[in-house]
Participant: 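Okay, here's the structure, questions in a sec.
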Amino acid sequence: MAAPASGQQFTQKDAAKAEKKEGNEFKFFMKRLPMNYFLNTSTIMHLWTMDSNFQRRYEQLENSMKQLFLKAQKIVHKLFSLSKRCHKQPLISLPRQRTSTYWLTRIQSFLYCNENGLLGSFSEETHSCTCPNDQVVCTAFLPCTVGDASACLTCAPDNRTRCGACNTGYMLSQGLCKPEVAESTDHYIGFETDLQDLEMKYLLQKTDRRLEVHAIFISNDMRLNSWFDPSWRKRMLLTLKSNKYKSSLVHMILGLSLQICLTKNSTLEPVLAVYVNPFGGSHSESWFMPVDENSFPDWERTKLDLPLQCYNWSLTLGNKWKTFFETVHIYLRSRIKSNGPNGNESIYYEPLEFIDPSRNLGYMKINNIQVFGYSMHFDPEAIRDLILQLDYPYTQGSQDSALLQLLEIRDRVNKLSPPGQRRLDLFSCLLRHRLKLSTSEVVRIQSALQAFNAKLPNTVDYDTTKLCS
């Protein structure tokens, strides 16, 4: 019976050598794994297949095991042929080959469930360890998860459990990556009203006082409810003086109304030109309202039941054309209406070009003038605080958060720009006149926003026309 013992000893020694060789290669592979971020099974499998040395040795091990199995078969069959007591063919069984899933989970267990001399079992689904005897002492600190499909780009060098940098489309906040979606800006500046288009149109037609914005009337050329000579251009304005009286509000214009009266049988025709200043500053920082151009609303005239020729002139912007305003400049000129050569058409002449200036053209007066709209919450100090974080962020990631919110405010303000081929840069006017920032500060903030916006995914910046100096 010496032969059987010798054969058995031979196969056990070979199996032990193969197992030892396998264990050494496994340990070497484990040492080469990156430890600075979390490794899921897909990442480990990728590293496994990319490790050519490990793959070569693994193939050698598989071939050795096949040769060992053939040797075992030959020896066992030889022993069976020499035996007179065995009546059945022997069944040769070797340990089953481990699946790749087993080894991937085993690697994770060694990495993340191998503390205090205890080896547990890691579950990628629950991201937790199952330790021996239902303890938790085998659980190690799990590194952050990184990769293209993850929000995190790299873990923090001083703390692997927290993220140190985020992928495009995410911003870092206290070790976590959050989607780059600006938080609500309503506490910085309001934009919306709960009035629907039909309701707003009805209230504007009725000149409802709930939509009236109380502005200060200023004019050196005329006074309300007083007759004046209409031969020369008259300038008037309605202003709110928000920096002085309403610093916590910004204002939206929805419409404009004037009541204009002429002396009896007058052939004069009022001509109105309107300029809107969004947030203050000089008259040159106003934009011209393109009345009755490119689908922009036109003046509507309604005859009033008064002894004189009195009309109510109303311009309704509504939700579609609403915009910011601080001051409305109105220029009133007059022209003379005359019948054309065919009798059915009207020809208009400037008064001084048509007749002798000494001739009496009659008189005109404006009984009242009103701006319709609403006021919204505005917190200049909170916006200044956002701007301060561009240079002095409070926490890691707060700079990106501040930039996102400023971008949101910029885009929503500029979206309310008046009609035109290019939007007006109303946001710079807001910074310049309501936050009292210098021109250089405004340029620096705009440059920072453009640079940050260029890094965001699926975003296209837009060109604006400068309005405020």
Side-chain angles (χ1 to χ4, degrees), residues 182 185 189-193 197 200-201 204 235 237-238 250-256 271-300 313-331 333 371-374 376 403-404 406-435 437 439-469:
T185 58
I189 181 172
F191 290 96
E192 304 302 332
T193 176
D197 286 336
M200 184 179 296
K201 185 176 182 180
L204 288 173
R235 177 185 174 186
L237 61 88
L238 292 167
V250 289
H251 315 279
M252 200 74 71
I253 182 171
L254 296 172
L256 189 63
V271 180
L272 298 169
V274 181
Y275 292 80
V276 178
N277 183 297
F279 298 110
S282 65
H283 179 269
S284 62
E285 296 170 316
S286 304
W287 57 271
F288 174 70
M289 193 173 281
V291 176
D292 197 27
E293 294 180 13
N294 299 324
S295 74
F296 196 85
D298 192 8
W299 290 101
E300 295 180 9
W313 290 61
S314 60
L315 183 65
T316 303
L317 305 181
N319 275 323
K320 183 178 181 180
W321 302 106
K322 67 182 180 181
T323 187
F324 293 101
F325 88 101
E326 174 65 23
T327 302
V328 177
H329 300 267
I330 303 173
Y331 292 89
R333 293 184 298 108
V371 178
F372 294 96
Y374 56 94
M376 299 166 297
L403 283 165
L404 272 175
L406 285 172
L407 267 179
E408 177 76 6
I409 295 172
R410 183 200 72 171
D411 293 343
R412 295 187 72 179
V413 168
N414 287 343
K415 189 177 180 181
L416 292 167
S417 172
Q421 292 183 347
R422 296 172 65 179
R423 294 179 180 177
L424 294 179
D425 186 7
L426 299 184
F427 181 66
S428 291
C429 297
L430 178 74
L431 299 178
R432 188 80 178 86
H433 297 299
R434 293 306 303 271
L435 270 67
L437 301 182
T439 303
S440 60
E441 287 177 308
V442 173
V443 171
R444 183 178 66 86
I445 292 167
Q446 291 282 31
S447 299
L449 292 178
Q450 288 175 0
F452 181 74
N453 190 66
K455 299 177 183 178
L456 298 179
N458 304 321
T459 56
V460 178
D461 215 345
Y462 52 89
D463 294 327
T464 56
T465 299
K466 183 178 180 181
L467 179 64
C468 299
S469 58

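All figures in this text were calculated on a predicted structure; none of them were measured in a lab. Here, residue 1 is the first one in the sequence, and each next residue gets the next number.
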Participant: Drop me the distance from H283's NE2 to T327's OG1, to the nearest 0.5 angstrom.
Facilitator: 9.5 Å

Participant: Please report the closest heavy-atom contact between L467 and S286, naming both atoms and the distance.
Facilitator: CD1-O, 3.7 Å

Participant: Are any of the side-chain heavy atoms of D425 and K466 separated by less than 4.5 Å?
Facilitator: no

Participant: With rounding to the nearest 0.5 Å, note down the distance linking CZ in F325 to NE2 in H251.
Facilitator: 6.5 Å

Participant: For R444, give me all partners under salt bridge (Lys or Arg N to Asp or Glu O under 4.0 Å), at least two apart in sequence or on another chain.
Facilitator: D391

Participant: Between N414 (side chain) and L426 (backbone), is there a donor-acceptor pair under 3.5 Å?
Facilitator: yes

Participant: For the CE atom of M252 and the CG atom of L317, what is their distance to the nearest 0.5 Å?
Facilitator: 11.0 Å

Participant: Is any side-chain heavy atom of M289 less than 4.5 Å from a side-chain heavy atom of V276?
Facilitator: yes

Participant: Work out which heavy atom in L403 is nearest to a heavy atom in A448; give both atom names and the distance.
Facilitator: CD2-O, 4.2 Å

Participant: Take a 6.0 Å sphere around CG of N294 and say whether it holds more than 12 heavy atoms from other residues, nucleotides or ligands.
Facilitator: no

Participant: Can you list everything that forms a side chain to side chain donor-acceptor pair (under 3.5 Å) with S282? Sequence neighbours excluded, please.
Facilitator: S284

Participant: So do T464 and F427 actually touch side chain to side chain, heavy atoms under 4.5 Å?
Facilitator: no

Participant: Got a second to check how far L315's CG is from I253's CD1, nearest 0.5 Å?
Facilitator: 7.5 Å

Participant: How about L256 and I330: do any of their side-chain heavy atoms sit closer than 4.5 Å?
Facilitator: yes

Participant: Classify the ring geometry between F279 and F324 as parallel (under 30°), tilted (30 to 60°) or perpendicular (over 60°).
Facilitator: tilted

Participant: So do the side chains of L424 and P418 get within less than 4.5 Å of each other, counting heavy atoms only?
Facilitator: yes

Participant: Can a side-chain donor-acceptor contact be found between Y462 and K415 if the only test is distance below 3.5 angstrom?
Facilitator: no

Participant: Any side-chain to backbone donor/acceptor pair from T323 onto L416? Under 3.5 Å, distance only.
Facilitator: yes

Participant: Tell me, do L404 and F452 make a side-chain contact under 4.5 Å, heavy atoms counted?
Facilitator: yes

Participant: In chain order, what residues pass the side-chain contact (heavy atoms from CB on, under 4.5 Å) check against T316, with sequence neighbours excluded?
Facilitator: L204

Participant: F288: which residues meet the side-chain contact (heavy atoms from CB on, under 4.5 Å) condition with it, sequence neighbours left out?
Facilitator: A273, Y275

Participant: Nearest 0.5 Å, please: how far is CD in E326 from CG in L238?
Facilitator: 11.5 Å

Participant: Salt bridge (Lys or Arg N to Asp or Glu O under 4.0 Å) with R432: which residues, sequence neighbours excluded?
Facilitator: none

Participant: Could you work out, with side-chain contact (heavy atoms from CB on, under 4.5 Å) as the rule, every residue matching C468, not counting sequence neighbours?
Facilitator: E285, C429, H433

Participant: Calculate, to the nearest 0.5 Å, the distance between atoms NE2 and CG belonging to H329 and L237 respectively.
Facilitator: 5.5 Å

